[in-house]
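Working notes, structure below.
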Amino acid sequence: MSQPLFGLVPAGLPMIINPTEAPTPTSFLYAIRPAQPQKPFSHIAVFVLPDVILPAGTAAAIYLVTPPTSPEQTAPDSNFLGGIGPGKESAVFKLNTAPGESVVIGISIEPAESVAARMTEHSSSKTATTTTTGDAASGALVPARTGQQPSTLVLAQRIIKNAFNFLASFSGTAGQVEVVPLKAFEEWWKKFENKVRTDPGFLERDD
């Protein structure tokens with residue numbers, strides 16, 4: 001398998017970086033099962049992995065994929081959730097699913113202009129709720145601000161990179177999916193929180 005491009009952190013579950021299936025070189029499927037059958041799946045964070053650069057002029061469209069519900073339906077439904085890419089490398093999506101329901105997240109690398117247009121349309125229709133580390137008002141893929149102080153986006157990227165570097169050594173496999181134990185994430189959070197207390201400005205230094 002080629003180098004993973006994206007990371008997913010489902011609420012209450014370990015981080016996932018390897019897709020369950022890759023139908024094409026630019027599309028990836030991530031099958032996610034709830035930790036507890038009786039507990040609904042609520043939120044998922046999706047982000048571009050540190051040091052990964054998408055092809056020029058492209059962005060990643062995020063979909064909630066549902067299987068066919070009738071014999072007449074030959075292909076699964078793909079409900080657009082939003083996008084990530086240059087200037088907006090991560091997003092959190094709220095999913096309305098039933099208790100015990102598995103989720104399939106699809107990520108497709110598409111032209112950035114097309115993804116941005118769909119994000120604007122999606123935001124206007126208010127068919128889903130998202131919380132992003134980019135331009136939350138419009139959902140647009142925008143460049144990071146420049147200046148002496150790092151932008152919120154840059155700080156978020158550094159937090160993600162800090163977590164990824166720490167958690168990578170704990171990764172294991174569950175079937176064909178690479179996972180990280182939730183305990184490792186909790187350990188990272190304790191260390192990260194302590195670092196913030198002892199050195200509040202460490203994220204502002206580009207090192």
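Residue numbers count from 1 along this sequence. Worth knowing before you read on, the calculation uses all heavy atoms, side chains too, and leaves out hydrogens, waters and symmetry mates.
- With sequence neighbours excluded, the residues satisfying side chain to side chain contact (heavy atoms under 4.5 Å, CB included) with Pro111 are Ser114.
- With rounding to the nearest 0.5 angstrom, the CG atom of Asn18 is 11.0 Å from the CG atom of Leu8.
- Contact annotation: the side chain of Val52 approaches that of Gln3 to within less than 4.5 Å [non-hydrogen atoms, C-beta and beyond].
- Glu21 is linked by a side chain to side chain contact (heavy atoms under 4.5 Å, CB included) to Pro23, Leu29, counting only residues two or more places apart in sequence or in another chain.
- Nearest heavy-atom pair across Ala22 and Phe28 is CB-CD2, 4.0 Å.
- Of all heavy-atom pairs spanning Ala45 and Val92, the tightest one is CB-CG2, 4.0 Å.
- Heavy-atom minimum distance, Lys88 versus Gly83: NZ-O, 2.6 Å.
- Pairs passing the salt bridge (charged side-chain N to carboxylate O under 4.0 Å, His left out) check and including a residue from residues 49-61, sequence neighbours excluded, read Asp51-Lys161.
- In this structure, Ile53 CD1 and Glu89 CD are separated by 10.0 Å, a value rounded to the nearest 0.5 Å.
- Applying the salt bridge (charged side-chain N to carboxylate O under 4.0 Å, His left out) rule to pairs touching residues 52-63 yields nothing, sequence neighbours excluded.
- For the salt bridge (charged side-chain N to carboxylate O under 4.0 Å, His left out) condition, no pair includes a residue of residues 111-120, sequence neighbours left out.
- Closest non-hydrogen pair, Thr20 versus Ala31, comes out as OG1-N, 2.9 Å.
- Annotation for Ala59 and Gly85: closest pair CB-CA, 4.4 Å, computed over non-hydrogen atoms.
- Side-chain atoms of Leu5 and Ile109, non-hydrogen and from C-beta on, do get closer than 4.5 Å to each other.
- For the residue pair Ala60 and Ile107, the shortest heavy atom distance occurs at CB-CG2, 3.8 Å.
- Applying the ring-ring contact (aromatic ring centres under 6.0 Å, His included) rule to Tyr63 yields the partners Phe80; only residues at least two apart in sequence or on another chain are considered.
- Using a 4.5 Å heavy-atom cutoff, the side chains of Ile84 and Phe6 are in contact.
- Results of the side-chain contact (heavy atoms from CB on, under 4.5 Å) test with Leu95 over Asn79, Ile44, Ile32 single out Ile44 as the only residue that passes.
- The CE atom of Met119 lies 9.5 Å from the CD1 atom of Ile62; values are rounded to the nearest 0.5 Å.
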